[in-house]
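The chain is numbered in sequence order, starting from 1.
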Amino acid sequence: MAFLKTILIILLVYYLLKILARWFAPKIFSYAAKKTEERFRENFGGFSNQPNVDDEQIGDVIIDKKPTKQNNPSKKVGEYIEFEELD
């Protein structure tokens, strides 16, 4: 009888932990994500790739990226051969 009682207690604890994890896991993960975001902002808060919006006027065109080099069209690529399979 003691063995059956032990098995029932183990199952009860297992399902109780499973239910508690289902209720509290999203809150714990959101808390951890929030803390991680705060630490990230503390470490990298001064660095920003975004231009300062206050200095720009609405409607101005700003090019942040340098255009890449265009491929030279006169460069010879090679000779192409087309072939078909014969049955």
CZ-OG1 distance between F29 and T36, expressed to the nearest 0.5 angstrom: 11.5 Å
From OH (Y14) to CD1 (I19), nearest 0.5 Å: 11.0 Å
Common cluster, L11/L4, ILVMFWY with side-chain heavy-atom separation under 4.5 Å: no
Closest contact, heavy atoms only, P26 versus A21: CD-O, 4.3 Å
Value rounded to 0.5 Å, distance of CD1 in I9 from CG in L16: 12.5 Å
Under-4.0 Å salt bridge between E38 and R41: no
Verify same cluster id: I28, W23 (apolar side-chain graph, 4.5 Å): yes
Separation of L17 CG from L12 CG (nearest 0.5 Å): 9.5 Å
Atom pair OG1 (T6) and CE (M1), whose distance is rounded to the nearest 0.5 Å: 11.0 Å
